Novice: 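The structure follows.
Keep in mind that the numbers below use all heavy atoms, side chains included, and drop hydrogens, waters and symmetry copies. For ligands, and for the atoms within them, numbers begin at 1 and follow the listed sequence. Quick caveat, the model's predicted, so the values are computed rather than measured.
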Amino acid sequence: MNLFDQITGHRQIKNFFSNALQKERLFSSYLFTGPEGIGKKKTAVAIAAMLNCESTENAPCGTCRSCLKIQEGAHVDVNIIAAEKDEILAEQADNILDAIRFAPFEGKARVFVIDNAHQLNPTSGNMLLKTLEEPPSGNYFFLITSKPDSLLSTIRSRCQEVSFSSAGILEALKEDPDFDDSYYPWLKSGGGFVEDRDALSAFTGIRRLALQFLQEMVHPGQKSGLEIEDKVDETVGNGGKEDARIFFFQMEIILRDILAVISGKENAVINRDMTPELKRLAQKITPEAVFQLNRLVRKGASGLSYGIKIQHLAPVLLAEGVKAMR
Ligand SMILES: [Zn+2]
């Protein structure tokens with residue numbers, strides 16, 4: 001499947017880049033801005049695939065050798081750069097400058113995707129200024145950020161800015177007759193659980209807790225934070241990692257349901273018994289906030305794989321959620 005078709009929404013942006021390629025009017029440095037989790041990086045990677053695709057009619061085809069390698073993160077000319085701690089360091093910028101002295105090794109174009117570009121520190125940022133302004137031919141930069149205002153202004157001014165909005169996604173969801181789950185790959189990763197409605201009902205306690213947790217983020221103070229944390233401890237604290245995983249997973253499904261309600265697709269709600277609560281939440285929450293909360297939930301869930309206990313993850317998640325909703 002064409003990699004652009006795998007990205008929900010952002011039709012104008014995808015068309016823009018397809019046309020720019022055909023007319024050879026692509027700039028070399030772009031800044032992608034917009035909320036977290038909306039598809040900026042995925043789009044940048046798809047463009048990297050488009051630039052290197054072996055298909056002339058259907059780039060990025062998603063199936064040629066080059067597209068496959070890029071999707072696996074195994075293409076030597078497509079580099080994703082991210083902060084190792086909280087900053088993108090001078091030595092990372094150095095590696096970019098080193099690589100760029102040579103022609104692309106494997107493909108037609110070398111692409112650098114700099115994720116969370118606002119984490120470039122002043123040193124690494126300044127090192128890249130000249131290259132961003134005029135990279136050697138065949139090299140492209142895609143800087144990704146949800147915080148363009150935190151970016152060095154000298155960097156920002158050297159890039160063509162492309163703004164991603166959740167309106168683009170909602171539009172696509174509304175047009176989608178099935179409101180399928182293609183936008184929610186993480187649902188598929190645990191899909192057996194979702195498809196099995198009986199299994200769902202067996203986890204009512206955890207589901208309810210997941211709902212309460214989200215309600216507490218959106219309307220803090222209805223229940224005391226401590227009360228909720230105690231409940232987490234009680235409901236999933238002793239069930240081991242699996243229950244904790246389901247807890248996070250349920251929150252993701254509820255967030256997905258909220259998005260379904262916001263986009264007028266109530267019939268696509270999975271947690272139908274929660275419809276009144278979902279409607280109430282949908283009135284208080286923007287699509288952007290849904291994505292943001294989802295990101296926090298996924299971050300929390302990934303803490304489990306580092307062996308962090310749910311009792312420690314839950315309070316942090318709650319506090320971050322409340323902060324994000326302010
Ligand atoms: Zn291809």
Side-chain angles (χ1 to χ4, degrees), residues 1-34 37-82 95-96 98-117 131-132 135-145 159-164 168-169 171-173 175-176 178 180-189 191:
M1 190 185 182
N2 184 291
L3 295 182
F4 279 154
D5 293 337
Q6 292 181 27
I7 299 168
T8 301
H10 311 310
R11 188 171 301 152
Q12 284 181 337
I13 293 173
K14 292 182 287 193
N15 287 343
F16 170 81
F17 279 101
S18 295
N19 290 332
L21 179 74
Q22 280 157 19
K23 295 181 181 154
E24 297 185 3
R25 277 189 198 153
L26 212 58
F27 288 99
S28 46
S29 300
Y30 286 93
L31 174 64
F32 286 1
T33 63
I38 203 164
K40 300 185 295 297
K41 189 162 124 194
K42 203 171 172 186
T43 304
V45 172
I47 295 167
M50 177 185 82
L51 288 164
N52 283 296
C53 183
E54 289 162 19
S55 160
T56 42
E57 293 98 48
N58 186 33
C61 71
T63 49
C64 72
R65 201 181 50 94
S66 167
C67 282
L68 290 174
K69 272 196 155 179
I70 289 169
Q71 289 172 86
E72 286 163 13
H75 196 292
V76 293
D77 294 322
V78 176
N79 308 279
I80 314 270
I81 291 115
N95 290 340
I96 295 176
D98 264 352
I100 214 160
R101 291 188 293 132
F102 304 97
F105 180 76
E106 190 176 357
K108 302 179 229 177
R110 182 188 285 113
V111 178
F112 296 95
V113 177
I114 305 185
D115 201 10
N116 291 319
T131 306
L132 285 172
S137 114
N139 289 282
Y140 297 89
F141 284 88
F142 293 89
L143 278 60
I144 313 286
T145 185
C159 300
Q160 297 291 318
E161 202 160 322
V162 179
S163 147
F164 285 64
I169 287 188
E171 197 182 307
L173 290 177
E175 284 170 17
D176 181 347
D178 304 320
D180 73 13
D181 291 333
S182 58
Y183 182 68
Y184 304 95
W186 62 92
L187 277 184
K188 288 187 175 156
S189 68

Novice: Using a cut-off of 2.8 Å, find all protein N, O or S atoms closer to the Zn ion (ligand 1) than that distance.
Specialist: C53 SG, C61 SG, C64 SG, C67 SG

Novice: For A99, enumerate each residue passing the side chain to side chain contact (heavy atoms under 4.5 Å, CB included) test, keeping only those at least two apart in sequence or located in another chain.
Specialist: R110, F112

Novice: Name the atoms and distances for all side-chain donor-acceptor pairs under 3.5 Å in residues 70-77, with sequence neighbours left out.
Specialist:
residue: Q71; atom: NE2; partner: G62; partner atom: O; Å: 3.0
residue: Q71; atom: NE2; partner: C67; partner atom: O; Å: 3.2
residue: H75; atom: ND1; partner: D77; partner atom: N; Å: 3.1
residue: D77; atom: OD1; partner: F105; partner atom: N; Å: 2.9
residue: D77; atom: OD2; partner: F105; partner atom: N; Å: 3.1
residue: D77; atom: OD2; partner: E106; partner atom: N; Å: 2.5
residue: D77; atom: OD2; partner: G107; partner atom: N; Å: 2.7

Novice: Quickly, which of F27, Y30, F164 forms a ring pair (Phe, Tyr, Trp, His ring centres under 6.0 Å) with F142? Name it, please.
Specialist: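 Considering F27, Y30, F164, a ring pair (Phe, Tyr, Trp, His ring centres under 6.0 Å) with F142 is found only for Y30.
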
Novice: Is the side chain of N2 donor-acceptor paired with the backbone N or O of N58 at a distance under 3.5 Å, no angle test?
Specialist: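 Checking the backbone N and O of N58 against the side chain of N2, a donor-acceptor pair under 3.5 Å is found.
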
Novice: What pairs meet the salt bridge (Lys or Arg N to Asp or Glu O under 4.0 Å) rule with one or both residues in residues 45-55, with sequence neighbours excluded?
Specialist: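 Listed once each, the pairs are E54-R65.
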
Novice: For the rings on Y140 and F17, is their centre-to-centre separation under 6.0 Å?
Specialist: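 No, the ring centres sit 6.0 Å or more apart.
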
